[in-house]
2 protein chains.
Amino acid sequence: MNFAPQVSPNTPMLAADRFSDKQMAVMRATMRLVVVQGIHATPMSQIAKEAGVAAGTIYHYFTGKEELFAVLYGMLKEQMGAALLRDDDPRQPYNKRFQQFWRNLYRFFVEHPTEFEFLELCERSPIISEDIRAEHMRHYQPGLNFLNIGIKTRVLCDMPLDLMSATIYSSIATTVRYIRQRKEAQTLESNEEYTILNTAMQSCWNSVKWF
Amino acid sequence: MNFAPQVSPNTPMLAADRFSDKQMAVMRATMRLVVVQGIHATPMSQIAKEAGVAAGTIYHYFTGKEELFAVLYGMLKEQMGAALLRDDDPRQPYNKRFQQFWRNLYRFFVEHPTEFEFLELCERSPIISEDIRAEHMRHYQPGLNFLNIGIKTRVLCDMPLDLMSATIYSSIATTVRYIRQRKEAQTLESNEEYTILNTAMQSCWNSVKWF
DNA sequence: TAATACAAATTGAACGTTCATTCGGTTGCA
DNA sequence: TGCAACCGAATGAACGTTCAATTTGTATTA
């Protein structure tokens, strides 16, 4: 069920553009409310109100609450995958590219705090089924390939691929959470973020580089 | 509200023993159901049934659903703090002690998968208030002190303490999740766990040691 | 030892509320 | 004119919580 604007099937639209305004409004409202109140405490009626839409309208676009979450989760994962690859230059040395990827995800999360928190919530909640979760792993694939090359060429240490990717993701997420906390507490000096970011990135590189 | 068995106030009981059988049954049932269904989808009535207790009994021990979660969260945090310090020998070299701590948490989580998953859920869900969360940070304190010494003596790298502790925790949690997945998929050879654990621990140490 | 008394523990039906979802109707565009 | 988009009151199921009644455990009395 998806009555979004159609284009030729050869130009794959991504993320946001695939959805109508109302659809996006509903999804954005969902994120905003859920990160503050939790899934268990945000009723569809409130989502509708926050989105400026009638309750029934949500059911025009989504079959129910579960699908709403799944579609939203998928959209965010796709955006993440796109952000990951930004400005990648394959001619650069391996660890430069690694740092580019790391920074890309970091920036995406820092610039999209609500999306970040919502994903963090979903990642560990049974509201997203294992199937949906596995399906959206594909957005990561280029990153996994990149890591795999590093392992094979002994630039990266001998660690199971999935463990390594999870480790790196954790490093980024942890850093983002830390920075956000410091920003909220307003204890972050002007260019301290830059220093911390570099320390965290270096630390992450040290944890996966060949040793 | 806590009608648990009393002892002299000088012998601080910890964790599980503080609660009556029924109380524990309720908390355990809560964990079991929540990690499978999510907070939003586990009603009190079901918790009561799973615990072998009448609905009203829950409200004899807890003021409501929220307090039930908070108390459960606190108990698990306390158990975690106790597990962390097991077999610590201050005469050992710094990185041996570090490894002991790392392994302690790792084992605690691997041996208590339901508790682990429940905590992971709580850690990112607004169901636990910031206050409750901050209050139970104290169970971590010895670990934080240990890290602080490492930073001061330049055994560990110059990284904000909170970021470092979160990084280490993430490393452990990520490893536990990875191992659990492999166990579930039954693709884990006999002593592969030991190899992976050591790789992950080494990787973690590399990410925080002085560089 | 048996009888009594009393409070804490426990029960589960009942209550009022809130929830996800439905549906008959209206709007606006092609 | 027709059809998708949209509305919001209505619906019935399910929820968290309450409470009057009952059981259990234990201390007290005779």
Side-chain angles (χ1 to χ4, degrees), chain A residues 1-7 16-34 36-73 122 125-129, chain B residues 1-7 17-34 36-73 122 125-129 132:
Chain A
M1 193 194 278
N2 189 350
F3 301 98
Q6 295 295 325
V7 280
D17 312 313
R18 225 187 356 241
F19 304 102
S20 74
D21 288 354
K22 301 247 162 175
Q23 237 171 331
M24 280 300 291
V26 168
M27 292 198 280
R28 270 199 256 271
T30 304
M31 275 193 285
R32 258 177 281 140
L33 293 172
V34 163
V36 174
Q37 305 174 345
I39 298 169
H40 65 288
T42 74
M44 293 296 260
S45 56
Q46 200 188 3
I47 292 174
K49 189 178 284 183
E50 171 90 7
V53 145
T57 304
I58 301 182
Y59 292 87
H60 183 65
Y61 292 109
F62 307 98
T63 55
K65 203 178 190 182
E66 193 146 331
E67 205 210 43
L68 165 59
F69 276 80
V71 171
L72 176 50
Y73 174 82
C122 286
S125 163
I127 224 215
I128 305 291
S129 74
Chain B
M1 189 193 282
N2 188 350
F3 299 100
Q6 295 294 325
V7 281
D17 312 313
R18 234 195 341 253
F19 305 103
S20 74
D21 289 354
K22 301 248 160 169
Q23 238 170 330
M24 280 301 291
V26 168
M27 293 199 280
R28 271 200 255 271
T30 304
M31 276 194 284
R32 257 176 282 141
L33 292 172
V34 163
V36 174
Q37 305 175 344
I39 298 169
H40 67 287
T42 75
M44 294 296 262
S45 55
Q46 199 188 5
I47 293 174
K49 188 178 285 183
E50 171 90 7
V53 146
T57 304
I58 301 181
Y59 292 88
H60 183 67
Y61 292 109
F62 307 97
T63 54
K65 202 178 190 183
E66 193 147 332
E67 206 210 43
L68 165 58
F69 276 80
V71 171
L72 176 50
Y73 175 81
C122 285
S125 163
I127 225 220
I128 305 291
S129 74
I132 300 281

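A note on names: the letters A, B, ... follow the listed sequences, proteins ahead of strands, and every chain is numbered from 1.
- When rounded to the nearest whole Å, the span between CD1 of A:I58 and P of D:dG8 equals 13 Å.
- Nearest to the side chain of B:Y61, among D:dC6, C:dT10, C:dT11, sits C:dT10.
- For the pair B:M27/B:Y61, no side-chain contact is recorded, criterion being any heavy-atom separation below 4.5 Å from C-beta on.
- Taking 4.5 Å as the limit, some side-chain heavy atom of A:Q37 sits within range of a side-chain heavy atom of A:Q46.
- The distance between atom CD of B:E67 and atom P of D:dT17, rounded to the nearest whole Å, is 11 Å.
- Of the residues in residues 40-47 of chain A, not one comes within less than 4.0 Å of DNA chain D through any heavy atom.
- Pairing each heavy atom of A:L33 with each of A:T42, the nearest pair is O-CG2, 3.6 Å.
- Rounded to an integer number of Å, the gap from OH of A:Y59 to P of D:dA10 is 18 Å.
- As a whole-Å value, the separation of B:K49 NZ from D:dA14 P is 12 Å.
- Proximity of A:K65 to the phosphate of C:dC19: no side-chain N or O atom is located under 4.0 Å from OP1 or OP2.
- Taking the nucleotide of DNA chain C with the nearest heavy atom to each of B:G52 and A:G56, the more 5' of the two is matched to B:G52.
- Whole-Å rounding puts the B:F62 CZ to C:dT10 P distance at 12 Å.
- One finds no side-chain N or O of B:T57 lying less than 4.0 angstrom from the OP1 or OP2 phosphate oxygen of C:dA9.
- Between B:M44 and B:K65, the shortest heavy-atom contact is SD-CG, 3.5 Å.
- Of the side-chain N and O atoms in B:H60, none sit less than 4.0 angstrom from OP1 or OP2 of C:dT10.
- The line from CG of A:L72 to CZ of A:R28 is 10.5 Å long, rounded to the nearest 0.5 Å.
- Nucleotide C:dA8 holds its P atom 19 Å from the CG atom of B:D21, rounded to whole Å.
- Shown here are the side-chain hydrogen bond (donor to acceptor under 3.5 Å, both in side chains) partners of B:R32, two or more places apart in sequence or in another chain: B:E50.
- Applying the side-chain contact (heavy atoms from CB on, under 4.5 Å) rule to A:A51 yields the partners A:A25, A:V26, A:A29, A:V53; only residues at least two apart in sequence or on another chain are considered.
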